[in-house]
2 protein chains.
Amino acid sequence: METRELRYFIAVAEESHVGRAAQRLGMAQPPLSRAIARLERRIGAHLFIRSPRGMTLTSAGQTLLREGRAALAAVEAAERRTRRTIAAAGRASVVLTAKAGASSELMAELLDAYAAEPDAVDVEVVLSPPGHQGPMLRDGRADVAILHQPFDDISGFDVDRLNVEGQVLILPADHPVSRVTSLTVAEATSIPDLPLPRWPRLDGTYPDGPGPELRDLTQVLQLVRLGRAAIVMPESARVNVRDGLAVVPVSDAARVTTVIAWPPQSVSSGVAGLVRTASRLYGAPHDRPTAAGTERGPGT
Amino acid sequence: METRELRYFIAVAEESHVGRAAQRLGMAQPPLSRAIARLERRIGAHLFIRSPRGMTLTSAGQTLLREGRAALAAVEAAERRTRRTIAAAGRASVVLTAKAGASSELMAELLDAYAAEPDAVDVEVVLSPPGHQGPMLRDGRADVAILHQPFDDISGFDVDRLNVEGQVLILPADHPVSRVTSLTVAEATSIPDLPLPRWPRLDGTYPDGPGPELRDLTQVLQLVRLGRAAIVMPESARVNVRDGLAVVPVSDAARVTTVIAWPPQSVSSGVAGLVRTASRLYGAPHDRPTAAGTERGPGT
DNA sequence: GCGGCGCGATACCGCAACGGTATGACGCGA
DNA sequence: TCGCGTCATACCGTTGCGGTATCGCGCCGC
C-alpha cells in the first residue's frame with residue numbers, strides 16, 4: 001500500500017464523501033473513486049458501504065482508518081526528522097516541545113543542566129498550546145516533549161517520570177471565593193462569573209463555550225488578574241503568581257505527573273542526552289528500560 | 001514520500017550496494033539508482049555518500065533508516081490488520097503471540113477466563129521462537145503479545161505487568177551440578193559439557209556457537225533429559241519439569257517480568273477485552289493509563 | 001602506465017498507471 | 001416524473017516508472 005493511497009483513503013473516510021474528499025485533496029472526483037476501488041481490490045475487502053448519501057466505513061475500514069493514521073504519521077515523522085537532520089548543517093540539533101508556561105522552572109533547570117554536558121547539542125524549544133505536544137512528537141515536528149498526565153496521551157511513547165503534584169485554582173485576589181481554604185473540582189469549575197478558558201483544538205479552531213479563547217498561560221494570568229477568568233493548574237504554576245492573584249488548593253483534582261517523552265525509535269544522541277539529564281535530575285529509575293531491545297536471552 | 005521509495009531506500013541502505021539491493025528488490029540497477037537520487041532531491045538532503053566501493057549512509061540517511069523501518073512496519077501492520085479484520089468473515093478475531101512453552105499456566109488461565117466473558121471474540125494463539133513476538137506485534141502479524149522483560153523490547157507498546165519471577169537452571173537429574181542448592185549466572189552458563197541452546201534469529205538463521213539449534217521449549221527439555229543441554233528460564237517453567245530433570249535456582253539472574261503488550265492505536269474490542277481480563281486476573285492498577293488520550297484539561 | 005574490472009550514473013525507449021473531462025446509473029425527494 | 005445528488009464508468013492525454021544499453025570513474029594488477 002502506498003502512502004498516497006492511504007492519504008486518499010483517510011480523506012474519504014473522514015469526509016464520508018468522495019466529492020468533498022477530492023476537493024480537499026485538490027483533485028477530481030473520478031480518479032479518487034477509482035483509487036479507492038483499486039485499494040479495496042488490492043486489500044481484498046470492502047472498506048466502505050456505498051449509499052446514495054455517501055460512504056460509510058465497514059469494520060475493515062475502521063481498522064484501516066485507526067492504524068493508517070498512525071502509520072501515515074510515522075512516515076511523515078521519518079521524512080521530517082530526516083530533513084531536519086541536515087537542516088542543522090552538520091550540527092546535530094533536537095526539538096523539544098512543551099506547553100507554553102508549564103513546568104517552567106523544571107524546564108529551565110533541565111536545559112541548563114543539559115547544556116553543561118560535554119556532548120550537548122543545540123535544543124530548540126517549541127512552546128505550543130495544551131494538547132499539541134503529543135501530535136507533534138508523533139508526526140516528527142518534535143523529537144522530545146514534556147507532557148502531563150492525565151491530560152496528554154502518552155501511548156506509544158517511551159517516558160520517564162519527572163514530577164508529581166496536585167492542582168490549585170488561580171483566581172482574582174479580590175474575588176470572594178479566594179477566601180476559602182480548599183475547593184472541589186465541581187466547585188472550582190462552576191464559579192458563575194469566572195469561566196474557565198478555552199484552548200485551541202489541533203486544527204486551531206476553538207470549542208464553543210463561555211470562556212475566553214487563549215493560547216498560553218501568560219495570557220490567562222493577565223485575564224485572571226482582570227477578573228475575567230479563573231484557571232485550575234498544577235501547583236508548580238504558583239511561581240508565575242504575582243500581585244492581584246489568589247491561589248486555592250483543589251482537594252479532589254487529579255494529581256498531575258510531569259514526564260519527558262520521546263518516540264521509541266528515535267534514540268538520537270541529543271534525545272538520549274536530554275533524557276539522561278532529566279532522569280538524573282528528577283527521575284526515579286526507569287520503569288520501562290529502553291535499551292533492552294537487542295538483548296536476547298534464553299526466554300522463559 | 002511513498003512506501004515504495006522507502007522500501008528502495010531501506011534495501012540500498014542495508015546492502016550498501018545499489019546492484020545487490022536491486023537484485024533483492026527484483027528490479028534492474030538503473031531505475032533504483034534514479035529512485036534514490038529522486039528521493040534525495042525531494043527530501044533535500046544527501047542520504048548516501050557514493051564511493052567507488054558502494055554507498056554509505058550520511059547522518060540524515062541513518063535517521064531515515066531508523067525511522068523509516070518503524071514507519072514501514074506501521075504501514076504493513078495497518079494493511080495486515082485490515083485484511084485480517086474481514087478474513088474472519090464478519091466474526092471479529094484477535095491474534096495473540098507468545099513464546100512457545102512460556103508462561104503456559106498463565107496463558108491457559110487467561111484464555112479460559114477471557115472466553116467466559118460475554119463479549120469474547122475468537123483468539124488465535126501463535127507460538128513462535130523467543131524474540132519474534134515484538135516484531136510480529138509491530139508489523140501486524142499479531143494484535144497482542146505476552147512478552148518477558150528484560151528479554152523483549154517493549155518500547156512503543158502499551159503494556160500491563162502480569163507477573164514477576166526469578167530464574168532457575170534446568171539440567172539433567174544425574175548431572176553433578178544438580179546437587180548444589182544455588183548457582184550464579186556465570187556458573188550456570190559455563191558448565192562445559194552442557195551448552196546453552198541457540199534460538200533462531202528473525203530471519204530464521206542461527207547464531208554460531210556450541211549449543212543445539214532449537215525452536216521451542218519442549219525440544220529443549222527433551223534434550224536436557226538426554227544430557228545434551230541445560231537451560232536457564234523463569235521459575236514458572238517448573239511445571240514442565242518431569243522425571244530426569246533437576247532444577248537449581250540462579251541467585252543473581254535478572255528477575256523476569258511477564259507483560260501483556262499491544263500496539264497503542266490498536267484498541268480493537270478483542271484486544272481491549274483480553275487486556276482487561278489479564279489485568280483483572282494478575283494486574284496491578286495500570287501504570288500507563290491507556291484511555292487518557294481524549295481527555296483534555298487546562299494543563300499546567 | 002595502461003587495460004580491465006566493478007561501481008554508480010546517464011540516455012533513451014516503451015508501457016502502465018495516474019489524473020482530467022464527460023457521461024452514466026441509481027436512489028430519493030419534490 | 002423530473003431533478004438533484006451521489007458514486008461509477010468510459011475515454012484520453014501525460015507523467016513517470018522500469019528496462020536495456022552505455023558511459024564515467026576510481027582502483028588494482030600486470
Side-chain angles (χ1 to χ4, degrees), chain A residues 1-62 64-65 68 72 75 79 82 86, chain B residues 1-62 64-65 68 72 75 79 82 86:
Chain A
M1 191 169 41
E2 294 301 314
T3 59
R4 181 170 34 81
E5 301 178 289
L6 199 48
R7 262 183 276 267
Y8 289 2
F9 167 80
I10 291 173
V12 174
E14 285 178 354
E15 300 284 345
S16 300
H17 191 291
V18 183
R20 278 197 300 274
Q23 200 172 1
R24 186 171 123 186
L25 293 165
M27 65 188 291
Q29 170 262 320
L32 184 54
S33 270
R34 262 179 303 150
I36 296 294
R38 195 168 43 234
L39 179 62
E40 287 181 314
R41 237 178 300 126
R42 279 217 270 262
I43 291 213
H46 288 285
L47 300 171
F48 292 101
I49 297 162
R50 273 79 166 167
S51 85
R53 289 227 255 301
M55 320 266 282
T56 49
L57 287 168
T58 63
S59 65
Q62 287 166 19
L64 186 57
L65 182 58
L72 196 54
V75 172
E79 194 169 346
T82 304
I86 35 81
Chain B
M1 189 169 43
E2 295 302 312
T3 60
R4 181 171 33 82
E5 300 179 290
L6 199 48
R7 262 184 276 268
Y8 289 1
F9 167 78
I10 292 173
V12 174
E14 285 178 353
E15 300 286 345
S16 299
H17 190 291
V18 181
R20 279 196 300 274
Q23 200 171 0
R24 185 172 124 187
L25 293 165
M27 65 189 291
Q29 170 261 320
L32 184 54
S33 269
R34 264 179 301 150
I36 296 294
R38 197 166 42 233
L39 179 62
E40 286 181 314
R41 239 178 300 124
R42 278 218 270 262
I43 292 215
H46 287 286
L47 300 170
F48 293 100
I49 297 161
R50 273 81 167 165
S51 85
R53 289 228 255 299
M55 320 266 284
T56 48
L57 287 168
T58 63
S59 65
Q62 287 167 17
L64 186 57
L65 181 58
L72 196 55
V75 172
E79 193 168 346
T82 303
I86 35 81

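We name chains A, B, ... by the order of the sequence lines, and we start the count at 1 in each one. Just so we're clear, the structure is a prediction, and the values are computed from it rather than from any experiment.
- Partners of B:Arg53 under the salt bridge (Lys or Arg N to Asp or Glu O under 4.0 Å) rule, at least two apart in sequence or in another chain, do not exist in this structure.
- Each of B:Leu39, B:Thr58, B:Leu64 was scored for a side chain to side chain contact (heavy atoms under 4.5 Å, CB included) with A:Thr82, with one residue passing: B:Leu64.
- Computed from coordinates, the A:Met27 CE to C:dT21 C1' distance equals 13 Å when rounded to whole Å.
- A:Arg38 meets the side-chain contact (heavy atoms from CB on, under 4.5 Å) test with A:Ala35, A:Arg41, A:Arg42; sequence neighbours excluded.
- Under the rule for a side chain to side chain donor-acceptor pair (under 3.5 Å), the partners of B:Arg50 that lie at least two apart in sequence or sit in another chain are B:Glu40.
- Comparing the start and finish of the helix from C:dG1-D:dC30 to C:dA30-D:dT1, five pairs each, the helix axis swings through 10°, to the nearest 10 degrees.
- At whole-Å resolution of the value, CD1 in A:Ile36 and C1' in C:dG19 are 15 Å apart.
- Partners of A:Glu79 according to the side-chain contact (heavy atoms from CB on, under 4.5 Å) rule, which considers only residues two or more places apart in sequence or in another chain, are A:Arg83, B:Met1, B:Ile43.
- Under the side-chain contact (heavy atoms from CB on, under 4.5 Å) criterion, B:Arg7 pairs with A:Glu2, B:Thr3, B:Leu72, B:Glu76, sequence neighbours left out.
- Within a 6.0 Å sphere centred on CD of B:Gln23, heavy atoms belonging to other residues, nucleotides or ligands number 12 at most.
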For residues 24-33 of chain B, please give each side-chain donor-acceptor pair under 3.5 Å, one per line with the distance, not counting sequence neighbours.
residue, atom, partner, partner atom, Å
B:Arg24, NH1, B:Glu14, OE1, 3.3
B:Arg24, NH1, B:Glu15, OE2, 2.9
B:Arg24, NH2, B:Glu14, OE1, 2.6
B:Gln29, NE2, B:Ser33, OG, 3.1

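- Of the residues in residues 2-15 of chain A, those placing a heavy atom less than 4.0 Å from an atom of DNA chain C are A:Arg4, A:Tyr8, in numerical order.
- Nearest heavy atom pair, residue A:Leu65 against residue A:Ala13, reads CD1-CB, 4.0 Å.
- Taking the ring-ring contact (aromatic ring centres under 6.0 Å, His included) definition, one finds that A:Phe9 meets it with A:Phe48, sequence neighbours left out.
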Give me the distances for all protein-to-nucleotides 4-10 of chain D N/O pairs that come in under 3.5 Å?
residue, atom, partner, partner atom, Å
D:dT6, OP1, A:His17, NE2, 3.1
D:dT6, O5', A:His17, NE2, 3.2
D:dC7, OP1, A:Val18, N, 3.1
D:dA8, OP1, A:Arg50, NE, 2.5
D:dA8, OP1, A:Arg50, NH2, 3.1
D:dA8, OP2, A:Ser33, OG, 2.9
D:dA8, N7, A:Gln29, NE2, 3.1
D:dA8, N6, A:Gln29, OE1, 3.3

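- Straight-line distance from the CD atom of A:Gln23 to the P atom of C:dG19: 17 Å, rounded to whole Å.
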